[in-house]
2 protein chains.
Amino acid sequence: MITKRVPSETIGRLFRYFRSLSCLLRKGEEIVSSKTLAEVCHIKPATVRKDLSYFGEFGTRGVGYDAASLINKIKKIIKLDKKINVALVGIGNIGRALLKHSTFELEGFKIVMAFDNSPSKIGDTVGNVMIEDAANIRERIESSGIHLVILAVPDYATSKVANVLQLAGAKSILSFSPCGLSMPADIQVTCIDLSVEMARLVYNSCVDYREKV
Amino acid sequence: MITKRVPSETIGRLFRYFRSLSCLLRKGEEIVSSKTLAEVCHIKPATVRKDLSYFGEFGTRGVGYDAASLINKIKKIIKLDKKINVALVGIGNIGRALLKHSTFELEGFKIVMAFDNSPSKIGDTVGNVMIEDAANIRERIESSGIHLVILAVPDYATSKVANVLQLAGAKSILSFSPCGLSMPADIQVTCIDLSVEMARLVYNSCVDYREKV
DNA sequence: CCTACTTTGTGATTGTGTTCACATTCACAT
DNA sequence: ATGTGAATGTGAACACAATCACAAAGTAGG
Ligand SMILES: NC(=O)c1ccc[n+]([C@@H]2O[C@H](COP(=O)([O-])OP(=O)(O)OC[C@H]3O[C@@H](n4cnc5c(N)ncnc54)[C@H](O)[C@@H]3O)[C@@H](O)[C@H]2O)c1
Ligand SMILES: NC(=O)c1ccc[n+]([C@@H]2O[C@H](COP(=O)([O-])OP(=O)(O)OC[C@H]3O[C@@H](n4cnc5c(N)ncnc54)[C@H](O)[C@@H]3O)[C@@H](O)[C@H]2O)c1
């Protein structure tokens with residue numbers, strides 16, 4: 001199978017297009033041009049068109065894109081035409097915030113399972129999900145066929161839990177620990193590292209300031 | 001002033017080197033080679049060396065880098081030799097998690113001020129910080145000279161608050177809302193968008209699987 | 001002092017993603 | 001039908017980042 005190589009950034013943007021298009025459609029804009037979409041997303045029109053062109057021709061020249069049908073096309077492309085079930089491990093500060101966040105469901109993700117290893121938390125219900133014993137992670141995830149897992153356990157526990165997830169057949173992990181995970185190539189790992197982002201912001205604001213002076 | 005252009009990715013990695021070096025030093029490794037550091041960070045040795053070379057020659061050929069002194073050099077470069085004071089606006093699910101997170105301080109960041117506009121929250125103390133009235137944001141941030149602000153308010157309030165922050169002289173904003181912020185060029189904005197990251201993971205795990213088959 | 005060995009620092013190369021610029025296509029009016 | 005205006009789709013050029021590969025510079029041991 002020959003797959004034209006699609007930039008990984010493009011996939012992220014497709015999701016944002018999906019979000020923005022839904023919003024525009026709600027406002028009554030049924031036809032959307034690359035210019036309009038680009039403005040809403042703060043990027044260039046050419047980027048929008050190129051991104052879409054990796055997957056086909058979805059627009060009408062001289063006119064633009066039909067919002068409703070483009071939304072469906074994008075959903076198919078990024079596999080969000082079906083709801084994605086997600087498991088969450090570690091119901092501490094971050095985990096609790098995620099469970100209470102209702103917007104995920106509107107965007108196609110649903111946290112359907114939550115785990116912790118603290119006896120004082122197991123059995124509690126947060127949001128609509130009951131916290132289960134982390135000892136059952138493997139069995140439960142394996143049997144339910146969940147592919148995407150969010151990891152919000154303390155740093156020291158991260159790689160241990162990640163190994164269990166691998167055995168359970170998880171395909172992707174979104175971790176809040178400053179990484180250090182080395183997983184086999186068939187498992188996708190993304191780390192959210194707030195400190196790194198802050199460090200970048202601090203550096204850039206200093207540099208930019210200097211360059212202007 | 002002629003600044004050799006430094007990749008933005010490099011800055012993020014420098015922060016990770018800083019973290020890893022602190023850890024290695026604690027374990028007693030006083031001399032560290034680019035190979036060692038690269039292994040810990042899961043990247044290539046050449047990347048480590050190139051990153052450092054943008055800022056000078058810090059190593060000894062045939063030997064490696066002195067961990068302690070390299071840490072200090074890096075801290076200077078990324079402006080973390082002094083603690084960075086941070087303000088937090090929006091003490092909901094996410095904001096609360098951030099306030100309770102103690103690790104930021106070890107890494108050079110300190111949340112010194114927190115704001116919310118809900119009367120039921122103003123006056124409460126979370127972590128060690130008392131929640132102040134959002135009405136005072138401008139005055140308080142301006143007078144304390146804080147440059148970095150974390151935004152964790154609901155989506156609909158984000159751009160309004162961002163405008164106030166701009167007036168207050170903030171230089172950088174880390175936002176948890178799926179963006180849509182258009183700020184003047186002298187303000188750095190980074191958005192943490194978990195849904196985008198999940199969408200990318202979902203797509204990649206499908207694609208990779210196909211390519212292997 | 002010289003040889004063998006190690007690791008840094010970096011110009012050159014490769015790879016990846018963004019942007020440009022224009023030919024192509026479509027809707028519509030005449 | 002045919003011309004006009006508008007927006008798409010895309011090869012080519014550009015910009016930025018990762019990696020290679022090797023000279024330079026150090027250590028250690030005789
Ligand atoms: N809270 C923040 O604002 C913040 C910010 C940046 C990074 N992080 C990172 O996110 C991660 C989680 O942070 P947090 O503040 O939510 O931590 P936390 O300590 O509040 O919560 C961790 C939870 O994981 C559970 N746990 C521990 N070991 C486990 C195991 N083996 N299996 C299942 N559950 C287990 C604990 O019982 C606890 O409920 C950490 O790696 C932290 O560094 C957090
Ligand atoms: N909770 C999550 O897991 C999660 C996940 C992804 C994205 N987000 C995003 O992060 C942001 C915050 O999410 P949350 O779950 O913490 O929301 P939340 O509703 O729990 O908290 C928002 C807080 O902001 C305060 N607030 C509202 N308007 C304000 C104003 N004008 N000035 C100051 N404070 C104000 C509210 O009183 C509330 O305490 C949202 O944009 C959300 O989309 C959250």
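Naming convention: chains lettered A, B, ... in sequence-line order (proteins, then strands); numbering from 1 in each chain.
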Fill in the blank from the handout: Between OH of B:Y65 and P of D:dA25 the distance, given in whole Å, is 15 Å
Practice task
Look at the side chain of A:K171 and the backbone N and O of B:L201, then say whether any donor-acceptor pair between them is shorter than 3.5 Å.
Solution key: no
Practice task
Take the protein atom CD1 of A:I11 and the nucleotide atom C1' of C:dT18, then report the distance between them rounded to whole Å.
Solution key: 16 Å
Problem - Any B:T47 side-chain N or O less than 4.0 Å from OP1/OP2 of D:dT19 - result: yes
Problem - Phosphate contact (D:dT8 OP1 or OP2) by A:T60 side-chain N/O below 4.0 Å - result: no
Exercise for the section: Would you mind classifying the nucleic acid contact of B:S8 as base, sugar-phosphate or nothing, using non-hydrogen atoms under 4.0 angstrom? Expected result: sugar-phosphate
Problem - A:D116 side chain vs A:I91 backbone, donor-acceptor pair below 3.5 Å - result: yes
Practice task
Check the distance between D:dA23's P and B:E57's CD and give it to me in whole angstrom.
Solution key: 18 Å
Practice task
By nearest nucleotide on DNA chain C, pick out whichever of A:A46 and A:P7 is the more 5' one.
Solution key: A:P7
Practice task
Can you figure out which of D:dA17, C:dT16, C:dG11 approaches the side chain of A:R5 most closely?
Solution key: C:dT16
Fill in the blank from the handout: Between NE2 of B:H42 and P of D:dT19 the distance, given in whole Å, is 14 Å
Exercise for the section: Round to the nearest Å and state the distance from B:K44 atom NZ to D:dA17 atom C1'. Expected result: 14 Å
Exercise for the section: Measure the distance from CZ on A:F55 to P on D:dT10 and round it to the nearest whole Å. Expected result: 13 Å
Handout entry: Counterpart base for C:dG15, defined by Watson-Crick or G-U wobble contacts under 3.5 Å
Key = D:dC16
Practice task
Classify the side chain of B:R49 versus the base of C:dT8 as yes if they form a donor-acceptor pair under 3.5 Å and no if they do not.
Solution key: no
Exercise for the section: In whole angstrom, give the distance that lies between atom CG of B:L52 and atom P of C:dT7. Expected result: 16 Å
Handout entry: A:T158 vs A:S175, side chain to side chain contact (heavy atoms under 4.5 Å, CB included): CA-CA, chis, key distance, verdict
Key = CA-CA 8 Å; A:T158 306; A:S175 167; 4.0 Å; yes
Exercise for the section: Looking at every strand, decide which applies to B:K35 at a 4.0 Å heavy-atom threshold: base, sugar-phosphate, or nothing. Expected result: nothing
Handout entry: Stepwise side chain to side chain contact (heavy atoms under 4.5 Å, CB included) test for A:L98 and B:L194
Key = CA-CA 10 Å; A:L98 295 174; B:L194 300 181; 3.6 Å; yes
Practice task
Tell me whether the OP1 or OP2 atom of D:dA17 has a side-chain N or O from B:R13 closer than 4.0 Å.
Solution key: no
Exercise for the section: Calculate the interatomic distance between B:F58 atom CZ and C:dG9 atom P; express it in whole Å. Expected result: 9 Å
Practice task
Establish, with yes or no, whether the OP1 or OP2 oxygen of C:dT8 is under 4.0 angstrom from a side-chain nitrogen or oxygen of B:S34.
Solution key: yes
Handout entry: Minimum side-chain heavy-atom gap A:M198-B:F15 below 4.5 Å
Key = no
Fill in the blank from the handout: Between A:D51 and A:G62, whichever has its closest DNA chain D nucleotide further toward 5' is A:G62
Practice task
Starting from the 5' end of DNA chain C, give me the residue, B:V63 or A:R61, whose nearest nucleotide shows up first.
Solution key: B:V63
Exercise for the section: Respond yes when some side-chain nitrogen or oxygen of A:Y54 is under 4.0 Å from OP1 or OP2 of C:dG17, and no when none is. Expected result: no
Problem - Side chains of B:E197 and A:T190, donor plus acceptor under 3.5 Å - result: no
